[in-house]
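Just so it is clear, the values below take in all heavy atoms, side chains as well, and ignore hydrogens, waters and symmetry mates.
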Amino acid sequence: MTGRPRRIIVAITGATGAVYGVQLLRRLHATPGVETHLVVSEAASLTLHQELGLQRRDAEALAHVVHRNRDIGASIASGSYQVDGMVIAPCSMKTLAAVAHGLSDNLVTRAADVMLKERRRLVLMVRETPFNLAHLRNMTAVTEMGGIVFPPLPSFYHRPATIEEMVEHTVDRAVDLLGLDNAHAPRWGGMKDAQDA
């Protein structure tokens with residue numbers, strides 16, 4: 001799609017892990033040719049403050065376009081508005097359930113529904129542990145509809161030394177799932193030879 005930037009919706013909901021949404025916004029804001037559309041749920045405002053000491057406006061300053069969660073008439077609520085991908089980071093179990101069952105009662109869930117019906121990329125960074133059967137069934141339903149369920153589980157093969165490095169690696173994977181150029185991401189080059197194993 002030439003003639004316009006690649007539009008990516010970032011939604012932050014009230015689950016723990018607000019840092020993933022904020023760091024994803026920072027990364028996308030620094031990516032040439034990308035336009036970010038942000039939706040912050042009411043519960044996410046509390047989590048941003050609790051976990052990161054940020055106000056809603058701090059997250060909003062990282063986005064190109066900001067939408068209110070109650071504004072179900074926003075541009076991103078329509079399939080005719082061309083969007084290239086959406087990430088819900090983090091995605092609460094309530095939001096997952098709403099997406100799985102087509103309950104488009106706010107802008108986050110309506111935009112996600114649009115992504116699914118238009119067969120566009122939707123990534124849900126679900127945050128909960130352990131999962132109960134309802135969670136698992138909802139994740140299955142979203143996957144069957146074409147969404148990508150991507151719990152932000154840390155990996156350790158790259159030997160992260162800090163929480164920031166673990167978050168960065170997960171954000172790299174999310175950017176990859178959006179199909180965006182991501183020169184920042186370290187790439188797996190194969191297992192190192194074991195010495196004296």
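Across Ala174 and Met125, no two heavy atoms sit closer than the pair CB-SD, 4.4 Å. Across all non-hydrogen atoms, the minimal contact from Arg6 to Gly179 is NH1-O, 3.2 Å. Nearest heavy atoms, Ala63 versus Leu25: CB-CD2, 4.2 Å. When all heavy atoms of Met93 and Val126 are compared, the closest pair comes out as CE-CB, 3.6 Å. Leu38 and Ala59 get closest at one heavy-atom pair: CD2-O, 3.6 Å. A pairwise comparison of heavy atoms in Ser92 and Ala15 identifies CA-CB, 3.7 Å as the closest pair.
Taken from CG in Asn138 to CZ in Phe131, the straight-line distance is 11.5 Å, to the nearest 0.5 Å. In this structure, CG on Leu116 lies 12.0 Å from CD on Glu144, to the nearest 0.5 angstrom. Between atom CD of residue Glu128 and atom NZ of residue Lys94 there is a gap of 14.5 Å, rounded to the nearest 0.5 Å. Separation of atoms CG (Leu133) and CG (Leu136) is listed at 6.5 Å; rounding is to 0.5 Å. Between atom OG1 of residue Thr170 and atom OH of residue Tyr20 there is a gap of 4.5 Å, rounded to the nearest 0.5 Å. For the atom pair NE2 of His169 and CG of Leu153, the computed distance is 12.0 Å after rounding to the nearest 0.5 Å.
Put simply, the side chain of Thr13 never gets that close to the backbone of Ser41: no donor and acceptor are under 3.5 Å apart. At least one donor-acceptor pair closer than 3.5 Å links the side chain of Glu165 to the backbone N or O of Ala161. With hydrogens and angles ignored, the 3.5 Å screen pairs a side-chain donor or acceptor of Arg56 with a backbone N or O of Val40. In terms of modelled atom types and a separation under 3.5 Å, the side chain of Asp58 and the main chain of Gln55 share a donor-acceptor contact. Remark: the backbone N or O of Cys91 is not paired with any side-chain donor or acceptor of Thr95 at under 3.5 angstrom. The main-chain N or O of Ala18 is found under 3.5 Å from a side-chain atom of Glu51 such that the two form a donor-acceptor pair. Not a single donor-acceptor pair under 3.5 Å links the side chain of Arg137 to the backbone N or O of His135. Asp84 places a side-chain N or O within 3.5 Å of a backbone atom of Arg7 that can act as its donor or acceptor partner. Here the side chain of Arg121 pairs no donor or acceptor atom with the backbone of Gly147 at under 3.5 angstrom. Side-chain N or O atoms of Ser78 include none that pairs as donor or acceptor with a backbone N or O of Ala74 at under 3.5 Å.
In the hydrophobic clustering of ILVMFWY residues, with side-chain heavy atoms under 4.5 Å counting as a link, Val167 and Leu178 come out together. When hydrophobic clusters are built by joining Ile, Leu, Val, Met, Phe, Trp and Tyr residues whose side-chain heavy atoms come closer than 4.5 Å, directly or via intermediates, Met115 is grouped together with Met145. The cluster map of Ile, Leu, Val, Met, Phe, Trp and Tyr, joined by side-chain heavy atoms under 4.5 Å apart, puts Leu107 and Leu24 in different clusters. The hydrophobic cluster containing Val142 also contains Val39, counting ILVMFWY residues as joined when their side-chain heavy atoms lie under 4.5 angstrom apart, directly or transitively. Connection of Leu124 to Met139 is established within a shared hydrophobic cluster, with ILVMFWY side chains joined at heavy-atom distances below 4.5 Å, either directly or through further cluster members.
The closest side-chain heavy-atom distance from Arg70 to Glu42 is below 4.5 Å. Under the 4.5 Å side-chain criterion, counting only non-hydrogen atoms from C-beta, Val108 is in contact with Ile88. You'll find the side chain of Thr31 stays beyond 4.5 Å of the side chain of Asp181, heavy atoms only. Counting heavy atoms from C-beta on, the side chains of Val149 and Pro151 come closer than 4.5 Å. Within the 4.5 Å cutoff, no side-chain heavy atoms of Ile148 are placed close to those of Leu122. Side-chain contact check for Met86 versus Ile8: every heavy-atom pair is 4.5 Å or farther apart.
At most 12 non-hydrogen atoms from other residues, nucleotides or ligands lie less than 6.0 angstrom from CD1 of Ile72. Summarising the local packing, NE2 of His158 is surrounded by more than 12 heavy atoms from other residues, nucleotides or ligands at distances under 6.0 Å. Atom CD of Gln50 has 12 or fewer neighbouring heavy atoms from other residues, nucleotides or ligands inside a 6.0 Å radius.
Note on Arg4 versus Glu35: no salt bridge recorded, every NZ/NE/NH1/NH2 to OD/OE distance being 4.0 Å or above. For Arg173 and Glu168, the salt-bridge test fails: no basic side-chain N is under 4.0 Å from an acidic carboxylate O. Using a 4.0 Å cut-off between a side-chain N of Lys or Arg and a carboxylate O of Asp or Glu, Arg110 and Asp105 do not qualify as a salt bridge.
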Problem set entry | Evaluation steps, side-chain contact (heavy atoms from CB on, under 4.5 Å), between Leu62 and Val22 | CA-CA 8 Å; Leu62 300 171; Val22 170; 3.9 Å; yes
For this session: I would like to know whether Tyr157 and Met191 meet side-chain contact (heavy atoms from CB on, under 4.5 Å); could you show each step before the answer?
Result: CA-CA 9 Å; Tyr157 56 82; Met191 190 73 71; over 6 Å; no
For this session: Please lay out, stage by stage, how Met166 and Thr162 fare under the test side-chain contact (heavy atoms from CB on, under 4.5 Å).
Result: CA-CA 7 Å; Met166 287 190 287; Thr162 65; over 6 Å; no
For this session: Determine, step by step, whether His49 and Leu54 satisfy the side-chain contact (heavy atoms from CB on, under 4.5 Å) criterion, reporting the C-alpha distance in whole Å, the side-chain angles of both residues, the deciding distance to 0.1 Å, and the verdict.
Result: CA-CA 5 Å; His49 180 69; Leu54 298 178; over 6 Å; no
For this session: Given ring-ring contact (aromatic ring centres under 6.0 Å, His included), test His37 with His67 step by step and report yes or no.
Result: CA-CA 7 Å; His37 289 247; His67 303 278; 5.1 Å; yes
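Side chains of Thr16 and Arg127: no donor on one and acceptor on the other come within 3.5 Å. Side-chain contact annotation: Thr36 with His29, donor-acceptor N/O pair under 3.5 Å absent.
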